[in-house]
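Below is one structure, written out as structure tokens, with a few remarks after it.
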There are 2 protein chains.
Amino acid sequence: MVSRSDLVREKLEQMIVEGSFAQGERLDEIKLSQHFDVSRTPLREAFQALAASGLLVLEPRRGAFVRYPALEEVFEMFEVMAELEAFCCRLAAGRVTQPLLADLDKTMVDCKQAVDSGDVSHYYRANERFHALIYQASGNRFLEGEATRLHRRLKPFRRLQLNNRGRLAHSFAEHGRIIDALAKGDAQAAAIEMRAHIAIQGGKFNDLIVSYRQAARKVTGEDGVSTRAQTALGL
Amino acid sequence: MVSRSDLVREKLEQMIVEGSFAQGERLDEIKLSQHFDVSRTPLREAFQALAASGLLVLEPRRGAFVRYPALEEVFEMFEVMAELEAFCCRLAAGRVTQPLLADLDKTMVDCKQAVDSGDVSHYYRANERFHALIYQASGNRFLEGEATRLHRRLKPFRRLQLNNRGRLAHSFAEHGRIIDALAKGDAQAAAIEMRAHIAIQGGKFNDLIVSYRQAARKVTGEDGVSTRAQTALGL
DNA sequence: TACTGCATTCTTGCATACAAGCGGCTTGAC
DNA sequence: GTCAAGCCGCTTGTATGCAAGAATGCAGTA
């Protein structure tokens, strides 16, 4: 995790997730290797890893292309995410330990502070922790890993959802209901609450569309290279 | 998909899944590159890809090590698999089309023939098709991909389950109940039937243990290199 | 005799050189 | 003027060389 290829992978992933590149943009091995001050070898290894997690598509003899999922696919991913998290809850209801419940309560205190002060990024961090704890509480390490992976991948599309002021309070209330169900050991209720918490429905529909447009919009200059990428690369 | 690194990846994956290497065995870049008659570069790219799918662990400056999941992790994976497939069924019940149902019926005919003749590998192929069709019927392409991925990864641990003569007929009957529920559009029933079909319970427990021992057993020679690997490499 | 430190050797990580496609451009012919 | 074919250049894919780090073995000391 200290190799150059890992560092490059981290940075490239960050750039892609932040929307530094346009949809379908070809990543130039030479330019990028110069930018990161590494040779093509570790860069190509980073490409492989990013392609494996779905952020790039490698076309033989043509190059690496940035791939933002289509809006439809994002909905599909949220649909699966909702189910995975609901399953975490179902398992957690029977397996959650007292220390973990205490940790969950702590995130609730954190979230409450964030809601009261309207501090979105504070809430965002506490929310991350809340969900990570639920994955952990499932007691299924493999499930925890899969959930974490998908959660990461959906990150750019979750960004704006919390900016909606009403959403913060709603989200907080939902967290409360989930924890209550877990504390009672009610697997069914916990799963249902979590599914509702994640699923794209009602107002979240529009929030997602906006998030999506911001994350995956194509901003190209005259030469077909995205101006955002040019900025990101200092061109 | 025609590059040497892809070919090497395919072959290595096959070898690992077939159990050609011992648990924890270090894969020698130079020996393997000689064996596959490629340079270290495409081999290393294959390592990266296999590490991404969890078959290898890459330790910095130490090398690539074969990683068979612990028995506990296999159970966890089956637990998640059951849930993913159950979710596929839940979605499929509302979305399945007439042509797909017809295809599913075709696999049932195939399975029936295999059961009657006791042809396990025939049943195995028909079973693969059955499950692939269910994933497809979910109408969620992302879910389909994830389910397929996990299904592949569990392949070596499913091998022996069908060798149990009683299991074939049971499995067939379960398929029937699943299709019936789908045809009726009963999402709840379809999900429950599928979950029961996949979940490790009852007699399947012992079958899995045997499969696991066969897949992940460590067979080492005096020099610490697995004799199975030596055979596979023609040493 | 056991443990620690150093040196040697082997292996990986990275850089670079070379080969092989693919695409675009130019030129020629109809 | 347009279309097609061939060539040139650019990009990716692969091989190999070199450097740095880890493991192992040996020697010296406690």
Over how many whole Å does the gap from Leu58(B) atom CG to dC14(C) atom P extend?
-> 12 Å
Arg26(A) atom CZ is separated from dC22(C) atom P, nearest whole Å, by 15 Å
Is the closest basic N to carboxylate O distance between Arg152(A) and Glu13(A) below 4.0 Å?
-> yes
Whole-Å distance, Arg44(B) CZ to dC14(C) P, equals 7 Å
So His131(B) and His197(B), would you call those rings parallel, tilted or perpendicular, with 30° and 60° as cut-offs?
-> parallel
Check ion pair Glu73(B)-Arg141(A) (N to O, under 4.0 angstrom) | no
Are any of the side-chain nitrogens in Arg195(B) or Glu85(B) under 4.0 Å away from the carboxylate oxygens of its partner?
-> no
Is it true that the side chains of Gln113(A) and Tyr123(A) contain a donor and an acceptor less than 3.5 Å apart?
-> no
To the nearest 10°, let me know how far the axis at one end of the helix from dT1(C)-dA30(D) to dC30(C)-dG1(D) is tilted from the axis at the other, five pairs an end.
-> 10°
Along DNA chain D, first and last positions that approach a heavy atom of chain B under 4.0 Å = dT14(D) to dA23(D)
Could you tell me whether Arg4(B) and Glu45(B) make a salt bridge, using a distance below 4.0 angstrom between a side-chain N and a carboxylate O?
-> no
Here the distance between atom P of dG13(C) and atom CZ of Arg9(A), to the nearest Å, is 14 Å
Please tell me which of Arg40(A) and Arg62(A) maps to the more 5' nucleotide of DNA chain C, matching each residue to the nucleotide holding its nearest heavy atom.
-> Arg40(A)
Between Arg4(A) and Arg61(A), name the one whose nearest nucleotide on DNA chain C is closer to the 5' end.
-> Arg4(A)
Just checking Glu45(B): base, sugar-phosphate only, or nothing, at a heavy-atom cut-off of under 4.0 Å?
-> nothing
Short question: side chain of Glu25(B), backbone of Ala22(B) - any donor-acceptor pair under 3.5 Å?
-> yes
Integer-rounded Å distance: dC18(C) P and Ile30(A) CD1 = 15 Å
For the residue pair Phe130(A) and His175(A), categorise the inter-ring angle as parallel (less than 30°), tilted (30 to 60°) or perpendicular (more than 60°).
-> parallel
Separation of Glu59(A) atom CD from dG21(C) atom P, in whole Å?
-> 18 Å
Would Tyr135(A) and Glu146(A) count as having a side-chain donor-acceptor pair, cut-off 3.5 Å?
-> no
